[in-house]
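A short write-up of the structure that comes next.
Note that the structure is predicted; figures quoted are calculated from it, not measured. First the proteins, then the strands, lettered A, B, ... as listed; each starts at 1.
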2 protein chains.
Amino acid sequence: MAEKKLVESITSMETDFAQWYTDVVKKAELIDYTSVKGCMVIKPAGYAIWENIQNQLDAMFKETGVENVYLPLFIPESLLQKEKDHVEGFAPEVAWVTQGGSNELQERLCVRPTSETLFSDFYRNDIHSYRDLPRIYNQWCSVVRWEKETRPFLRSREFLWQEGHTAHATFEEAEERTIQMLNVYARLCEEVLAIPVIKGKKTDKEKFAGAEATYTIEALMHDGKALQSGTSHNFGDGFAKAFGIQYADKDNTLKYVYQTSWGMTTRMIGAIIMVHGDDSGLVLPPVIAPTQVMIIPIQQKKEGVLEKARELQNRLKDHFRVKLDDSDKSPGWKFSEQEMRGIPVRIEIGPKDLEAGKCIVCRRDTREKIEVTLDELESRLEEILKTMQKDMLERARSHRDEHTYTAANMEELEKIFTEKSGFVKAMWCEEQGCEDIIKEKLSVTSRCMPFEQEQIGDTCVCCGKPAKKMVYWGRAY
Amino acid sequence: MAEKKLVESITSMETDFAQWYTDVVKKAELIDYTSVKGCMVIKPAGYAIWENIQNQLDAMFKETGVENVYLPLFIPESLLQKEKDHVEGFAPEVAWVTQGGSNELQERLCVRPTSETLFSDFYRNDIHSYRDLPRIYNQWCSVVRWEKETRPFLRSREFLWQEGHTAHATFEEAEERTIQMLNVYARLCEEVLAIPVIKGKKTDKEKFAGAEATYTIEALMHDGKALQSGTSHNFGDGFAKAFGIQYADKDNTLKYVYQTSWGMTTRMIGAIIMVHGDDSGLVLPPVIAPTQVMIIPIQQKKEGVLEKARELQNRLKDHFRVKLDDSDKSPGWKFSEQEMRGIPVRIEIGPKDLEAGKCIVCRRDTREKIEVTLDELESRLEEILKTMQKDMLERARSHRDEHTYTAANMEELEKIFTEKSGFVKAMWCEEQGCEDIIKEKLSVTSRCMPFEQEQIGDTCVCCGKPAKKMVYWGRAY
């Protein structure tokens with residue numbers, strides 16, 4: 001049967017999660033590969049998700065006083081080298097422009113992997129007095145990192161993101177902004193993408209190149225692997241000193257500014273796929289879904305069916321993002337496509353429904369079929385989509401909680417990571433030596449020291465000495 | 001006086017238009033220069049204009065069925081070379097990436113100057129059947145062209161734009177889309193940016209590298225120079241044949257697709273400046289202005305003034321993009337700033353106005369001061385902004401018409417371009433030889449063969465042979 005083909009063309013999650021992921025991004029028409037290794041085409045269905053993320057996140061940013069700007073794509077090599085830790089972190093993985101037109105450039109330009117150096121160079125000229133502070137700027141752009149292993153959305157040589165870069169008069173204000181933006185990211189994940197996250201601080205080993213502190217939100221994917229989903233960095237006055245960004249304070253003395261940066265990327269589309277997807281394909285949270293409702297007529301050649309379906313579409317389009325599939329494919333095939341693309345609900349309407357003045361609303365996540373009278377369709381749909389959004393978050397939270405373990409010593413830690421997949425909470429002495437041992441021995445990384453610390457033991461999981469912090473460990477994308 | 005400084009800091013238009021332009025982009029805080037030659041920072045005041053253009057244009061696109069996508073930043077050299085005319089047009093002015101991380105690349109990658117080759121490569125795999133057509137895709141991104149002479153917004157090594165790329169089953173459908181998008185651009189210019197444009201076709205000499213036909217909208221700046229403001233290209237099946245983009249038609253035979261592309265860039269911000277600006281700075285059309293209304297309190301330390309100003313701001317903010325300048329600068333200085341930034345109207349409100357229950361609304365374009373009672377402020381403001389938008393378009397149209405001349409022969413043509421600056425309409429025999437002579441001799445270019453042809457003579461302005469087309473000539477940015 002034709003309707004089976006689409007679903008059968010994807011590998012099941014249990015068989016091979018990585019292959020399932022690759023199948024879904026292709027079959028749900030989110031991306032296509034290109035002749036440039038590690039660079040992809042984001043197709044309309046994928047880009048529309050990103051547009052919705054952008055719109056929601058940009059509105060949240062602006063509520064907190066963020067202004068958008070655009071800085072160049074290129075960074076002169078000498079500029080990249082001004083902050084020592086930063087250049088060490090990024091130089092090995094950048095793309096270099098060495099020729100412009102038919103001439104060799106006098107100085108190599110790197111294609112921005114991130115723009116701390118450009119913003120710092122800009123702020124050096126832009127900030128003079130305390131009146132110019134704070135600067136709360138953000139840009140939406142693409143960045144390039146010359147990764148060896150690539151996967152669509154999760155790790156690609158070019159990806160889309162936003163990068164916020166701020167400058168403040170005091171360390172405290174910078175810290176406050178760093179945490180504020182992390183909270184914005186957490187809200188976007190939970191309220192919009194239905195993805196619960198752990199908020200916390202990175203260990204020194206895992207923090208961003210050049211940062212004093214890096215905060216992160218960490219999500220758990222369906223296969224039990226962790227995904228770093230947004231980071232926010234407090235640079236203190238490190239970049240300000242390296243670049244000479246000073247302002248005249250009210251007391252007329254020159255002071256260095258304090259800076260932050262924070263970013264979220266198209267990898268969140270990968271997170272949506274891996275948190276909510278199933279063996280029939282994508283499942284999109286209603287708030288972010290480019291199409292929320294797909295109307296699929298049954299026996300559409302029968303008199304009145306298509307007319308009624310179009311009438312419904314017209315009725316609904318002021319309230320929902322709705323489409324009608326009036327192609328000549330079979331209803332079963334249309335169901336498969338709607339499911340593969342993760343459209344939150346479909347409305348099935350046929351001759352019998354018309355007679356009875358009702359239709360069937362089918363939820364993508366639970367497959368639940370709900371009979372709804374046409375009179376109350378708007379209010380019921382709204383309620384169904386709202387419930388679905390809430391259920392998706394709760395289901396993801398339960399899955400994460402069920403796959404979060406605790407370990408008291410290395411034996412337990414090793415056993416869990418051998419037998420299971422998920423987050424493991426463990427106490428830590430805060431010595432990098434212990435972190436190194438765990439990372440090397442178990443091939444896992446510290447995900448964060450969560451803000452919500454728990455006293456699950458007194459001794460470090462590795463060395464047994466007194467513990468200072470609880471850490472989340474995981475295998476990460 | 002402090003209030004004079006800001007205005008005095010810019011050169012007058014009559015003295016030196018180029019310097020005036022450079023002063024305005026800096027003093028209105030639209031851009032900043034960077035350490036990469038020819039690349040600029042677009043600051044919040046500049047980027048907000050671009051965001052508004054994007055929002056308006058994107059909505060117009062979507063009404064015509066456009067879907068957004070994202071394609072890679074990099075084009076492998078072999079791909080760029082597939083269409084002969086295209087590579088000849090662009091290869092001399094691209095930036096080349098030759099190193100990724102610490103390795104030399106096996107094949108150079110150019111940073112996209114435009115993406116016809118990438119879209120063609122993508123469509124080759126994406127289009128199989130007549131059911132897949134048309135494809136009406138667009139992307140918002142930045143592109144790089146290694147220009148020698150650069151000017152903010154008008155000609156920079158990196159600029160922001162949108163590029164639409166479509167594929168169709170027939171030449172006629174492609175032609176229809178080409179014209180449709182040109183009309184969208186013209187509508188944006190006239191209805192949103194208040195810039196009247198001439199719609200027409202480029203001569204073969206001036207058409208886009210690889211196109212069968214290029215259509216353009218041409219605007220006249222205040223100094224009488226022309227600005228190409230948007231172009232739309234019909235490629236016929238040229239790229240399809242070079243890249244092998246075929247589809248199975250209903251009759252089951254393989255056919256080549258027909259393609260188009262169309263783009264508009266951040267140079268339109270330059271057009272807004274050069275069409276509407278004056279010696280006090282920027283003048284923004286109300287529809288596109290990021291801030292439409294600036295409330296400036298007079299004697300703001302007097303009791304009740306600031307409170308009332310804030311109350312007004314709150315009242316107006318649901319209807320207009322409104323700001324309040326409650327800084328401790330003098331009113332005169334605030335006026336200067338509002339004028340420099342081109343904010344369409346300011347509201348002046350002081351103690352006397354409060355007593356009388358009224359305020360002064362001052363139009364940026366005409367400096368007209370209008371007394372308005374506070375009760376009817378919303379409706380009057382709406383009317384004033386609407387009138388201002390209309391007046392700005394009409395003023396620009398009059399200016400253009402007054403600076404559009406006709407020439408019957410080379411002597412007249414030369415005289416006009418020596419003594420005056422503007423568009424010159426002249427008849428042409430359609431031989432490229434004549435076009436070459438005029439271009440070389442007078443340092444002007446053919447702007448377009450307008451859709452609205454006029455029979456202003458019978459003979460070619462250059463050779464005197466029978467004329468076939470009327471052409472607009474001009475000095476262009």
Side-chain angles (χ1 to χ4, degrees), chain A residues 32-36 38-48 50-51 58 67-76 78-79 91-103 105 108-109 111 118-119 121-122 125-126 131 137 139-142 144-148 157-158 160 266 327, chain B residues 32-36 38-48 50-51 58 67-76 78-79 91-103 105 108-109 111 118-119 121-122 125-126 131 137 139-142 144-148 157-158 160 266 327:
Chain A
D32 208 346
Y33 295 96
T34 71
S35 49
V36 187
C39 294
M40 60 185 173
V41 170
I42 307 182
K43 294 171 74 169
Y47 197 80
W50 182 239
E51 276 184 315
D58 199 67
E67 295 181 290
N68 285 334
V69 297
Y70 187 79
L71 268 67
L73 176 65
F74 298 124
I75 308 174
S78 55
L79 206 60
E93 56 171 38
V94 299
W96 292 103
V97 172
T98 59
Q99 293 160 13
S102 42
N103 300 319
L105 300 183
R108 294 196 297 178
L109 302 173
V111 182
L118 288 168
F119 272 90
D121 195 45
F122 164 55
N125 295 313
D126 190 55
R131 287 191 198 86
Y137 290 170
Q139 70 177 357
W140 293 93
C141 62
S142 83
V144 169
R145 298 181 186 174
W146 217 249
E147 307 276 0
K148 288 204 177 64
R157 286 190 169 171
E158 182 191 9
L160 301 179
T266 34
S327 67
Chain B
D32 208 345
Y33 295 97
T34 71
S35 49
V36 186
C39 293
M40 60 184 174
V41 171
I42 307 182
K43 294 171 74 169
Y47 197 80
W50 182 238
E51 276 184 316
D58 199 67
E67 296 182 288
N68 285 334
V69 297
Y70 187 78
L71 268 67
L73 177 63
F74 299 124
I75 308 174
S78 55
L79 205 60
E93 57 170 38
V94 298
W96 292 103
V97 173
T98 60
Q99 293 161 12
S102 42
N103 300 318
L105 300 183
R108 294 197 298 178
L109 302 173
V111 183
L118 287 168
F119 272 90
D121 196 44
F122 164 55
N125 294 313
D126 191 54
R131 288 192 197 86
Y137 291 170
Q139 69 176 355
W140 293 93
C141 62
S142 83
V144 169
R145 298 180 187 175
W146 218 250
E147 307 276 0
K148 291 207 173 61
R157 287 192 168 170
E158 184 191 10
L160 302 178
T266 34
S327 66

Structural part of S102(B) lying under 4.5 Å from a heavy atom of chain A: backbone

Under the side chain to side chain donor-acceptor pair (under 3.5 Å) test, residues paired with N68(B) that sit two or more places apart: E51(A), D58(B), N138(B)

Non-hydrogen side-chain atoms of D126(A) and V41(B) separated by less than 4.5 Å: no

Mutual orientation of the aromatic rings belonging to Y47(A) and Y70(B) [parallel < 30°, tilted 30-60°, perpendicular > 60°]: parallel

Most contacts with chain A, counted as non-hydrogen pairs under 4.5 angstrom, among V97(B), I75(B), L109(B): V97(B)

Approximate separation, where rounding is to 0.5 Å, of L71(B) CG and C39(A) SG: 10.5 Å

Side chain / backbone / both / neither for S35(A) at chain B, heavy atoms under 4.5 Å: both

For chain A, the option from L160(B), N103(B), V36(B), D121(B) that forms the most heavy-atom pairs under 4.5 Å: L160(B)

Chain B contact via P44(A) - which portion, at a heavy-atom distance below 4.5 Å: both

Segment of Y33(A) engaging chain B (4.5 angstrom heavy-atom cut-off): neither

Atom group of L105(A) that falls short of 4.5 Å from chain B, counting heavy atoms: side chain

Contacting moiety of L73(A), where chain B heavy atoms sit under 4.5 Å: both

Portion of W146(A) that has a non-hydrogen atom of chain B nearer than 4.5 angstrom: side chain

Heavy-atom pair with the smallest gap, counting every atom of E158(A) and P72(B): OE1-CA, 3.3 Å

Nearest atoms (heavy-atom pairs only) where A95(A) meets F74(B): CB-CZ, 4.3 Å

Any residue meeting side chain to side chain donor-acceptor pair (under 3.5 Å) with R108(B), in chain and number order, not counting sequence neighbours: Q99(A), E77(B)

